[in-house]
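Below: the structure, in structure tokens.
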Protein chains: 2
Amino acid sequence: MPVKDAGEKLHAGKAEIKRVNAGMMEEGIVRKTAELFGVLSDPTRVKMIIALSKAELCVGDLAHIVGASDSAVSHQLRTLRNMGLVDYRREGKQAFYSLQDKHLKRILEQSIDHVREGLGSS
Amino acid sequence: MPVKDAGEKLHAGKAEIKRVNAGMMEEGIVRKTAELFGVLSDPTRVKMIIALSKAELCVGDLAHIVGASDSAVSHQLRTLRNMGLVDYRREGKQAFYSLQDKHLKRILEQSIDHVREGLGSS
DNA sequence: GAATCATATGCACGCTTGTTCATATGATTA
DNA sequence: TAATCATATGAACAAGCGTGCATATGATTC
């Protein structure tokens, strides 16, 4: 049975619409994908992830590197932790973080190239 | 000359910090990268981009496909247009949009796979 | 045990963002 | 020309987000 288009006025052919609809994903996947990108939509977090992809770092050093306050970085790390994107290791007073998610590094690097190629105009 | 660390207390070796710092990008690139990801951080826009990567569509059809109002979609299209991510073509009353930026499709698809592999836990 | 250090957390505030509603624009049709 | 259609736009509002500040926690050092 085809998709019910009862009443709605469409312009492109129904076959076309149907074809596009078939390529759409489940709502849940879409939501999670958007959430993942949300992580990368903040400059501080982008820098944090770049840094953590290069070395395991404690909060203070990370804050120093990305140029944000300890508090801000700690807050953001919680987000990354909750999403399972960073690894966490305690050593005395310090907490060491590193990038858990290798895919993230790939996606980020690819996108940076993309921006470098000139398209991120704004 | 090494990076000036005057006064700040670092924990990891300075060489390590220096190495990580070297891998950091210019502020402008970081900002634009974050902006690009910002585009993909909303479910409606994710759906729009998926749809537009499969076919050229007019506003109404696109709205129908992604399940949002014409107005909402039009607003979002303006954002995408301003960022140079979609192509625009007028035909009579209708305006047809398509994905200008092929990289975007690649990045998006790669990230969807990534989410499918189970990491987008939230 | 007191002081200090590294990190974490709750709250508040300002800013951004996505949507809706109303209206405008511009093209087609009657 | 009037009415209608597709799209665009502006104002307004709610919700979410990033940060600073104060404070808490837990480990080390004196």
Side-chain angles (χ1 to χ4, degrees), chain A residues 7-12 17 27 30-31 34-49 51-52 56-83 86-98 122, chain B residues 7-12 17 27 30-31 34-49 51-52 56-83 86-98 122:
Chain A
E8 298 109 353
K9 327 135 197 187
L10 299 178
H11 306 280
I17 297 288
E27 186 68 27
V30 171
R31 214 197 53 245
E35 263 171 32
L36 178 65
F37 283 121
V39 171
L40 296 167
S41 69
D42 173 68
T44 301
R45 280 193 302 267
V46 168
K47 289 188 225 163
M48 286 173 60
I49 288 169
L52 290 177
E56 185 188 52
L57 291 164
C58 68
V59 180
D61 286 0
L62 187 53
H64 175 256
I65 289 170
V66 307
S69 74
D70 291 355
S71 177
V73 168
S74 187
H75 276 296
Q76 301 291 14
L77 282 170
R78 182 158 54 130
T79 303
L80 299 181
R81 235 168 39 222
N82 288 341
M83 296 198 65
V86 294
D87 266 336
Y88 174 77
R89 183 173 67 85
R90 194 103 206 179
E91 189 174 308
K93 301 186 222 174
Q94 302 175 24
F96 286 91
Y97 288 86
S98 58
S122 76
Chain B
E8 299 108 352
K9 328 137 195 185
L10 300 177
H11 305 280
I17 298 288
E27 186 68 28
V30 170
R31 213 196 55 244
E35 261 171 34
L36 177 66
F37 284 121
V39 171
L40 296 167
S41 70
D42 173 67
T44 301
R45 279 193 302 267
V46 168
K47 288 188 227 164
M48 287 172 61
I49 289 168
L52 290 177
E56 185 188 53
L57 291 163
C58 68
V59 180
D61 287 0
L62 187 53
H64 175 255
I65 288 170
V66 307
S69 73
D70 291 355
S71 177
V73 167
S74 187
H75 276 294
Q76 301 291 13
L77 281 170
R78 181 159 54 130
T79 303
L80 299 180
R81 234 168 40 221
N82 288 341
M83 295 197 66
V86 293
D87 266 336
Y88 174 77
R89 182 173 67 85
R90 195 104 206 180
E91 187 172 310
K93 302 186 221 174
Q94 301 174 25
F96 286 91
Y97 288 85
S98 58
S122 76

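Note on naming: letters A, B, ... go to the chains in the order of the sequence lines (proteins, then strands), and numbering restarts at 1 for each one. Predicted, not measured: the structure shown is a model, and the values here were computed from it.
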Selection from D/dG18, C/dT7, C/dG18 that lies nearest to any side-chain heavy atom of B/Arg45: C/dG18

Main-chain N/O of B/Ser71 paired to B/Ser74 side chain as donor or acceptor, under 3.5 Å: no

Any B/Tyr97 side-chain nitrogen or oxygen under 4.0 Å from OP1 or OP2 of D/dA6: no

A/Arg81 side-chain N/O to C/dA8 phosphate OP1/OP2 under 4.0 Å: yes

Per-nucleotide protein contact string for nucleotides 21-30 of chain D (B base, S sugar-phosphate only, - none; heavy atom under 4.0 Å): B-----SS--

Given DNA chain D, 5'-ward residue of the pair A/Val73 and B/Ala95, judged by closest heavy atom: B/Ala95

N/O donor-acceptor pair under 3.5 Å between B/Arg45 side chain and A/Ala34 backbone: no

Whole-Å gap separating C1' (D/dT9) and CG (B/Asn82): 12 Å

Separation of D/dT7 C1' from B/Asp61 CG (nearest whole Å): 13 Å

Separation of atom CD in B/Gln94 from atom C1' in C/dA27, rounded to whole Å: 11 Å

Rounded interatomic separation in angstrom, taking NE2 from A/His64 and P from C/dA6: 14 Å

Rounded interatomic separation in angstrom, taking CG from B/Leu77 and P from D/dT9: 11 Å

Distance test, side-chain N/O of B/Ser74 to OP1/OP2 of D/dT7, below 4.0 Å: no

Separation of atom CG in A/Asp42 from atom P in D/dG16, rounded to whole Å: 18 Å

Below 4.0 Å: OP1/OP2 of D/dT19 and any side-chain N or O of A/Gln76: yes

Whole-Å gap separating P (C/dG18) and CD (A/Glu35): 14 Å

